[in-house]
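Notes to accompany the following structure.
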Amino acid sequence: MTATSDPAQITELAARAADNRVNLDFETEGMTLNMGPQHPATHGTLRIVARLDGEQVVSAEPIPGYMHRGYEKLTEVRSYPQINTLINRIDWLGSFANEVPFILAAEKLMGVEAPPRAQWIRTILFEMSRIANISLFLGDYGLQLGGMTAGFYAFRDREHVLNQIEAATGGRFHPNFDRIGGLKDDLPKGWIANSHNAMDKLLAFCDEMDDLLIGNEIFQSRTRGIGVIPADVALSYGLSGANIRASGVDWDLRRDACPPGLVYDQADWKVWTHPDGDCFGRTWVRLQETREAALIVKQLLDTIPSGPVMAKVPRIIKVPEGEAYVETENPLGAMGYYIVSKGELVPFRVKIRSASFNNISIVPWVARGAYVPDLISILGSLYFILGDIDR
Amino acid sequence: MSQLSSADTSTETATDDEVVVEVDERRQAVLDELTGRLGDAVVGSHIRPGDDLWVRVTREAWPEAAVAAKAMGYSFFDYLSAIDWLPSPFGRDMDAQEDLVGEPAPAKEPQPIVQGYAGGDTRFQVIGRLYSIQAGMGVHLKVDLPDDDLSVGTWSQTFLGANWHEREAYEMFGITFEGHPNLIKLYLPLDFQGHPLRKDFPLLARRVRPWPGIVDVEPMPGGDDEPEGDGE
Amino acid sequence: MGLVESGKLPKPLSKLLNISRKYSIWAYQWGLACCAIEMGAAFASPRYDVMRLGVIPFPASPRQADLVVIAGTVTDKLAPAVVRLYEQMPDPKYVISMGSCANCGGPYWDSYSVTKGVDQLIPVDVYVPGCPPRPEALLEGVILLQERIAHEDMAARWKGEPIVVG
């Protein structure tokens, strides 16, 4: 198969292919709608070329790559601590969560394990970045569906958890706090009590969102029954996180295949699923997950063991030869790093499995036949972060 | 490292005498069933007990392997990518202490190609991972691609999500997937030359400019010892 | 604005116009990457509240904007779109480059796909360093830009090369 590089020809081919795929009810002149690459409601640049028949989407093809920064190549010329700095920026809303699977994979190859206290703090910060991530989703999704208020509320209450992350790690956004063998530092004084307060505020925020967003009639009518994804299609596309749990698949890597180094088994919590698989289900599952994350944090805060936060590792980190893959349940879904090491300062190859990449690749499937305003609902509910798609 | 080329066994060369050879029965059973379904197409395998399973299949059986694994319950498509096993001819040149400002990087001896787990014969390997939610386990599938014909059958009929992953591998490594419906570049501009993730693709910015970290190192006030330029 | 072009604008009037322009900057949000969130926090959150500085962050189109904040990584694939959107803005227009990526490539200084600095494409008035800069840093950048606008000679802006349309 030869690839053409002429954009006009590609547009033409895509349009023709789209027309062939869908049985058109009545003949109207088709129209190609280009969304993006820049849109004020997004953070990041995704372009979607939609072929329309009236108000109905015949085909929608996302064109990623406007933010492709070449992580996988850059990891081949950076040492492990340097990579840690870099990969914070993949999913920029839950930065700490990006570091964890990479560090765990490196630890697996090196055969080191973080001390219990470090594991606890890791899990707490992991869940905090989940809250920081998904709380913005709730606000942003409200914004995209026309509810400005949710956005302001989310930005307001998100600061509480960002403050805690900053107090512990020094980084408001990109903590770069995780180290092979533990953590950079111990918690500051008074952090645990403050975190309890912050989590209480976040729980109140969840209740507020429950009323304001989920309970809103307009919101429900714009999301219920829109963009339904059946479980088998979701699996086939490799959807993960809340997107697949909203399709009724009861699967959460935190519970089912938690890699050593995270202590989710020490807290009592629940995996939420939704049977419908529509936009509403995905939002609802995410809201429950935020609440659940706050509860996990509160439980773990009370049981942090004492002790060191760093295991004994050599000052210059050389990871032994081998291959390892570690996948964790990140805010956006399953995120994994496949590390191939040749025993040098730098990894030989790192394959980054980012959740949004798979989550957004379903758009051509799910957008077919939807109406144009529903396309916004669908895209928003799949919840992607551009750095996570484009890497 | 002899560990890397172990074939068809689940033994780990243990250094301590106390460590008994672990056998992962669940993953061994998966491997056996996959071998039963694919027959001679399974040419290499590796099990790390309690962790992961690697299976290498022949190029002809690559699409069939996906179908077989899916039938075994491995229905969650995790990712698909490729590995270029050529040792990098550039390395980390222009970096940190090896930084030779203004001089070309020392020529490196060409090193042999060593493949990883489950072995291999060729420079390029395609790797894919499938996951079974029921079993809570994943399996890595690998396939060798000969240098003169970098093509393999597509998975995109079995796993719809493979579509984008194969497009990514196509542009990053130049691997063609036969039967792919829309094999065009995914990330890069359409007129981009070269395949960035190949090891012989140089990062030009690194070759024309030294690592900026070392430029910024200034002596500490009051300290008379030389600054440590470890570039981190 | 024939008066402005001729350079005969009386000083007090020029100052008055500058103050007016300074406190009604319509800022187009150009969120490209991580910095977009901090820009969003600065522009949309009640805690930082950019509107008290006289910045109005609501234009939905670059055609209504005076200021564009390039917040994030500019890639070679995106570069034509950056230039296109900048060209759509009416003069006088200002650019704040926010974050290391937009300033110089940042952590991706050696990447094969990232443009090493948006100033290769469009003129930049204020650089805000950081990865990402805190919202306060962006506010500082806005204040610096306002100072610049306040002391600007409006006639000088028009004395340069003639603007070619098309």
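We name chains A, B, ... by the order of the sequence lines, and we start the count at 1 in each one.
Proximity to chain B involves both the backbone and the side chain of A:Asp390, based on heavy atoms less than 4.5 angstrom apart. Using a 4.5 Å cut-off between heavy atoms, B:Leu130 makes no contact with chain A at all. For a residue to count as touching a neighbouring chain, one of its non-hydrogen atoms must lie under 4.5 Å from one of that chain's; by this rule A:Pro259 does not touch chain B. Interface residue B:Met172: only side-chain heavy atoms are found under 4.5 Å from chain A. Contacts of A:Leu253 with chain B are made by side-chain atoms alone, with heavy-atom separations under 4.5 Å and no backbone atom involved. In this structure, chain A has a heavy atom under 4.5 Å from the backbone of B:Asp84, while its side chain stays farther away. Neither the backbone nor the side chain of B:Ser151 comes within less than 4.5 Å of any heavy atom of chain A. Interface remark: A:Val326 contributes no atoms to any contact with chain B (heavy atom separation under 4.5 Å). The contact between B:Leu188 and chain A is made entirely by side chain atoms (from C-beta outward), counting heavy-atom distances below 4.5 Å. Neither the backbone nor the side chain of A:Ile352 comes within less than 4.5 Å of any heavy atom in chain B. Both the backbone and the side chain of B:Phe201 come within contact range of chain A, each with at least one heavy atom under 4.5 Å from a heavy atom of that chain. Heavy atoms closer than 4.5 Å to chain B are found in the side chain of A:Lys351, but not in its backbone. Heavy atoms of B:Arg167 lying under 4.5 Å from chain A belong exclusively to its side chain.
Between the side chains of B:Arg48 and B:Tyr117, at least one donor N or O sits under 3.5 Å from an acceptor N or O.
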Inset, instruction - List the steps and the verdict of salt bridge (Lys or Arg N to Asp or Glu O under 4.0 Å) for B:Arg59 and B:Asp144. - result: CA-CA 6 Å; B:Arg59 189 153 71 117; B:Asp144 288 344; over 6 Å; no
Legend entry - side-chain contact (heavy atoms from CB on, under 4.5 Å) assessment of A:Ser59 paired with A:Arg51: CA-CA 5 Å; A:Ser59 79; A:Arg51 179 92 180 147; 3.6 Å; yes
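The side chain to side chain donor-acceptor pair (under 3.5 Å) with A:Arg349 is formed by just one residue from the set A:Glu76, A:Glu72, A:Glu323; it is A:Glu72. Residue B:Tyr79 forms a side chain to side chain donor-acceptor pair (under 3.5 Å) with just one option from B:Glu168, B:His140, B:His165, and that option is B:His140. Considering A:Tyr71, A:Tyr337, A:Tyr325, A:Tyr338 in turn, A:Tyr337 is the only one that fulfils the ring pair (Phe, Tyr, Trp, His ring centres under 6.0 Å) rule with A:Phe102.
Between A:Lys108 and B:Asp52 there is no salt bridge, since none of the side-chain N atoms of the basic residue sits less than 4.0 Å from a carboxylate O of the acidic one. The pair A:Arg254-A:Asp252 meets the salt-bridge criterion, with a side-chain N (NZ, NE, NH1 or NH2) lying under 4.0 Å from an Asp/Glu carboxylate O.
Here the side chain of B:Arg129 pairs no donor or acceptor atom with the backbone of B:Val139 at under 3.5 angstrom.
Centroid-to-centroid, the aromatic rings of B:Trp85 and A:Phe348 come within less than 6.0 Å.
Options A:Ser236, A:Gly336, A:Gly65 differ in how many heavy-atom pairs under 4.5 Å they form with chain B, and the most are formed by A:Ser236. Of all the listed residues (A:Leu235, A:Asp256, A:Ile244), the one sharing the greatest number of non-hydrogen pairs under 4.5 Å with chain B is A:Leu235. Chosen from B:Phe76, B:Phe77, B:Trp54, the residue pairing most often with chain A at heavy-atom distances under 4.5 Å is B:Phe76.
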